[in-house]
Amino acid sequence: MWTKQQTQTEAPAAPPVQGSASSVASFGGPSTARPGITAARNLASLGSSLVIKGQITGTEDLQIDGKVDGPISLRGHQLTVGSTAQLNSEIHAGEVVVYGKVVGTLHARARVDVKKDGSVIGDISTARISIEDGAHFKGRIEIDPTKSEAAAD
């Protein structure tokens, strides 16, 4: 009989959302992704208008653009310190990328990158480090390549 083809009139599906609403938090405006953050990983963001006094712990990557006074623990994950961020913290993370200002001790399992306008005042313990021209660093560095090997096991 009739062999009429039906065309789909449904709107295209929205692109997949990365993680669930509870695993991705964005505060204080739009997030500005930094180079080096893998798109497949969850990323939480604390905006530039936020001031946090207390402990931050998590099991996902975190970008901070505001002020934090207290310890930060993201073991095995990346912390990105945005250009407007000011941290007074002891930091434990898999990787730390600094575009802003950090006062305190950094413990990174894999690497620490201090970018051009970044500033770190405190000691750094990591397997690999890079400090770009124009960055500010005052403190001690302990480089232990076995840290990243232990993380790979």
Side-chain angles (χ1 to χ4, degrees), residues 14-153:
V17 176
Q18 186 182 36
S20 65
S22 64
S23 67
V24 177
S26 181
F27 303 100
S31 173
T32 55
R34 300 286 184 204
I37 295 178
T38 306
R41 294 169 69 165
N42 289 336
L43 173 65
S45 177
L46 298 175
S48 60
S49 66
L50 292 177
V51 177
I52 308 288
K53 292 186 180 186
Q55 181 176 355
I56 297 176
T57 59
T59 56
E60 60 190 320
D61 295 346
L62 176 62
Q63 177 171 330
I64 299 175
D65 292 310
K67 295 181 182 180
V68 174
D69 188 1
I72 300 171
S73 179
L74 301 173
R75 298 192 189 272
H77 294 277
Q78 180 173 332
L79 172 65
T80 302
V81 180
S83 59
T84 58
Q86 296 180 11
L87 277 57
N88 185 6
S89 305
E90 178 172 348
I91 298 169
H92 293 269
E95 296 181 23
V96 179
V97 181
V98 181
Y99 293 89
K101 183 176 182 179
V102 176
V103 176
T105 306
L106 276 72
H107 303 276
R109 209 169 204 163
R111 72 179 294 126
V112 172
D113 292 326
V114 184
K115 299 299 186 179
K116 179 182 175 189
D117 295 322
S119 172
V120 175
I121 299 173
D123 298 342
I124 298 174
S125 174
T126 186
R128 295 183 300 162
I129 188 165
S130 76
I131 301 175
E132 291 184 357
D133 286 342
H136 177 258
F137 171 71
K138 183 176 183 179
R140 295 181 299 151
I141 299 173
E142 178 185 338
I143 298 175
D144 185 358
T146 60
K147 285 188 175 199
S148 66
E149 291 172 7
D153 292 341

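Count residues from 1 along the sequence.
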request  = Apply side chain to side chain donor-acceptor pair (under 3.5 Å) to the pair Q55 and T57, showing each step before the final yes or no.
outcome  = CA-CA 7 Å; Q55 181 176 355; T57 59; 5.2 Å; no

inquiry  = If only side-chain N and O atoms count, and only distance matters, is there a donor-acceptor pair under 3.5 Å linking Q63 with D65?
reply    = yes

request  = Look only at the side chain of T126 and the backbone of R128, and say whether a donor-acceptor pair between them is shorter than 3.5 Å.
outcome  = yes

Check: T59 main-chain N/O paired with H77 side-chain donor or acceptor under 3.5 Å = yes

key: Distance-only side-chain donor-acceptor flag, E132 / S130, under 3.5 Å   = no

query = Just by modelled atom types, is the G70 backbone N or O under 3.5 Å from a matching donor or acceptor in the S89 side chain?
reply = yes

message = Quick one, K115 with D117, criterion salt bridge (charged side-chain N to carboxylate O under 4.0 Å, His left out). Give me CA distance, side-chain angles, the key distance, then yes/no.
response = CA-CA 6 Å; K115 299 299 186 179; D117 295 322; over 6 Å; no

Distance, nearest 0.5 Å, that separates CD of E142 from OG of S125 = 4.5 Å

query = Could you go step by step and tell me if I72 and L87 meet the side-chain contact (heavy atoms from CB on, under 4.5 Å) rule?
reply = CA-CA 10 Å; I72 300 171; L87 277 57; 3.7 Å; yes

ask   = Which atom names give the shortest non-hydrogen contact between E95 and A110, and what distance separates them?
value = CG-CB, 3.8 Å

key: Positive for side-chain contact (heavy atoms from CB on, under 4.5 Å) with V114, one of L106, V120, V97   = V120

task = Applying side-chain contact (heavy atoms from CB on, under 4.5 Å), run through I131 and I141 and close with a yes or a no.
result = CA-CA 11 Å; I131 301 175; I141 299 173; 4.2 Å; yes

request  = Taking the side chain as every heavy atom from C-beta outward, state whether L62 and L46 have any pair of such atoms under 4.5 Å apart.
outcome  = yes

task = Kindly determine whether I129 and I124 satisfy side-chain contact (heavy atoms from CB on, under 4.5 Å), including the steps that lead there.
result = CA-CA 9 Å; I129 188 165; I124 298 174; 3.8 Å; yes

query = For D123 and T105, does a side-chain donor sit closer than 3.5 Å to a side-chain acceptor?
reply = no

ask   = Quick one: are I121 and V102 in side-chain contact, heavy atoms under 4.5 Å?
value = no

key: Atom of T84, atom of S48 and distance for their closest heavy-atom approach   = OG1-CB, 3.6 Å

